[in-house]
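Each remark here refers to the structure printed beneath this line.
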Amino acid sequence: MPEPGLVLTGDDVSMPDRCLMKVAQFFGVPLETVAMRDVEMWESVSPSDFGTTRLLCRADVLLGLLRDFEQSQERRDWWKTSAHSAFVYWDGEVNTLEKLVSILTGHKLTQISREQGPQNLFVTDELDDFCKTMAGLRVGSLSTHDNIVLDSSGAHEKRIDIISTDDGAVFMRFQYEGVPVFLSTSREIIDTDAELVSQNFDVREHFLCAVPLVLYIKWAFPETCWNAPEASACLVIDDPLLKPTHGFVDFQELLSLMKRHTFSTNIAFIPWNWRRSAPEVVRLFKENPGNYSVSVHGCDHTRAEFGSSSQQRLYWKSQQALERMSRHESITGIRHDPVMVFPQGIFSEAAMSALKRTDLIAAVNNDIISADPYPRAITVSDVWDIAVMGYPFPLFTRRYPWEGVENFAFDALLGKPTIAVIHHDYCSDHCVRLVNFIQRLNALKIAPTWRSLGEVVRRSCRQREVSPEVVEVEMYGTELRIENRSEQPKPFLIRRRECEPSAIREIRDGSGPIAWNSLNGHINLKIDLNPAETKMVSIRFHELAGNGCNGDTLPYRLKTMLRRYLCEVRDNYVTTARLRLSGSRRRVES
Ligand SMILES: [Zn+2]
């Protein structure tokens with residue numbers, strides 16, 4: 001790789017140093033570690049051999065290095081010619097920071113202070129190339145404890161404040177002897193091996209220990225780093241029937257808004273409703289496939305329908321759901337996206353094993369931890385990945401708008417697609433707050449491309465050019481649409497995490513079955529693409545053998561019917577009346 005990276009350590013490799021290497025590893029960037037005392041080792045690396053070096057270290061280590069420059073012209077020359085840039089995190093000593101900043105700014109005094117309590121954070125919009133999707137973001141009321149900030153008035157031509165709080169800068173870029181030095185005042189670096197305790201990663205809780213380093217790695221290692229070829233997006237609304245209105249969703253109104261404000265909506269459709277779509281709404285879907293799509297939302301949408309431990313039963317359920325969606329298609333002509341959205345977000349490990357054996361290509365869910373009594377541990381790196389691959393079936397994450405645009409922006413920085421979810425009641429103000437949210441997403445520095453949910457899944461992957469001739473691709477869903485965006489014919493080496501390769505029946509591209517092999521929990525395959533050529537790779541699994549659960553009892557069917565109708569009454573009359581009433585009461589009171 002042409003971008004060598006070095007973690008320069010003190011006498012021991014510290015915990016943050018280890019975490020830093022894990023984050024780099026996540027992005028496919030290998031870092032060497034060298035202790036400061038073995039300084040000759042890394043100094044002997046000449047730039048002409050490997051390109052210039054990216055240094056990552058603690059503040060006191062960099063301070064030691066810069067002081068060495070005062071003694072040794074040779075070392076100073078090494079810095080000027082062989083260092084590409086440096087990322088520095090704080091060692092916890094205010095003293096070190098003062099001295100370091102003083103050297104970096106040419107002995108200009110900078111006030112350093114501690115701040116407590118909630119703070120607003122701002123990401124600069126002056127460094128788009130560095131900040132990417134995070135550029136220009138404002139994040140409100142972040143709980144920061146014992147934070148260190150540098151007085152903003154200290155910013156001058158040698159210093160740009162990249163992330164600031166109300167009181168000063170917490171991440172900044174200096175220019176020292178022509179080499180950019182990025183200094184973060186966070187003492188901690190996020191541990192990507194840490195187990196997730198909430199149902200999704202929230203960047204607001206880890207902003208300063210995650211964002212500066214991720215921004216640096218993506219900027220400093222553009223060739224080595226995994227990247228998503230596209231930032232795609234889709235809004236998902238759970239539950240509606242395809243009737244002119246469902247609760248506060250008015251399909252005609254929503255379509256006009258999508259056209260005016262550029263976005264797409266997928267309806268997580270309850271297969272039980274397959275006979276009930278209204279012709280005028282069906283027409284809207286068929287005439288506007290770039291705006292409207294449908295996915296599979298459970299089967300009957302009963303309570304915790306996909307949370308049970310019976311794989312056979314869930315296999316039958318998912319097959320029944322897909323049959324109903326096919327019947328819906330034969331009546332209406334609407335093709336469904338083969339993507340499962342779990343009712344109430346509840347799923348089990350058995351559900352994931354069952355779904356894998358069907359024609360579904362992925363699951364999309366808010367929650368990432370299964371409902372099993374002893375759920376599998378999901379780590380930060382699992383959820384940072386394009387999709388969670390720890391289960392037998394790929395799980396793409398989605399979020400509510402109130403989780404903040406900053407979370408969507410960080411997901412996009414990681415290469416994850418933007419999948420937002422709402423329920424009909426979010427449209428109760430004629431979609432004013434929805435449009436506001438969409439506008440904020442579309443205003444991100446890298447605006448997303450809005451697609452159907454199925455296409456969002458198919459186009460989600462990460463890739464990198466290992467040489468000008470070869471592209472490596474990591475695949476997630478069981479279908480991948482891959483495009484050669486270059487001007488040369490190229491082989492694409494595709495790999496995908498797969499714990500059970502023996503369950504694969506075949507892998508095809510557009511022209512027929514293709515060869516593949518499996519190694520160390522991954523399957524590998526290769527396809528060749530001409531310039532601008534696109535192919536779809538799909539993996540099909542063997543059906544699940546044995547079937548003891550074919551059919552529902554009459555009482556279950558009656559109960560399901562009752563539940564479906566009651567839910568509709570709730571959405572169409574009770575919730576709408578309650579919200580309208582509270583809205584009008586608020587208007588009267590105000
Ligand atoms: Zn639902």
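Both backbone and side-chain heavy atoms feed into the values below; hydrogens, waters and symmetry mates do not. Note that ligands are numbered from 1 as they come in the structure, with each ligand's atoms numbered from 1 the same way.
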task: Specify whether Trp450 and Phe263 have parallel, tilted or perpendicular ring planes, treating 30° as the upper limit for parallel and 60° as the lower limit for perpendicular.
output: perpendicular

- prompt: For the residue pair Trp384 and Phe27, does the interplanar ring angle fall in the parallel (under 30°), tilted (30 to 60°) or perpendicular (over 60°) class?
  reply: tilted

- prompt: Can you tell me if an N/O/S atom from His297 lies under 2.8 Å from the Zn ion (ligand 1)?
  reply: yes

query: Can you tell me if an N/O/S atom from Asp238 lies under 2.8 Å from the Zn ion (ligand 1)?
result: no

field: Closest Asp239 atom to the Zn ion (ligand 1) [N, O or S only]
entry: OD1

task: Give the atom name of whichever N/O/S atom in His301 sits closest to the Zn ion (ligand 1).
output: NE2

- request: Test the Arg497-Tyr391 pair against the cation-pi criterion, namely NZ or CZ under 6.0 angstrom from the six-membered ring centroid and within 45° of the ring axis.
  value: no

field: Stacked cation flag Arg433 on Tyr426, 6.0 angstrom / 45 deg
entry: yes

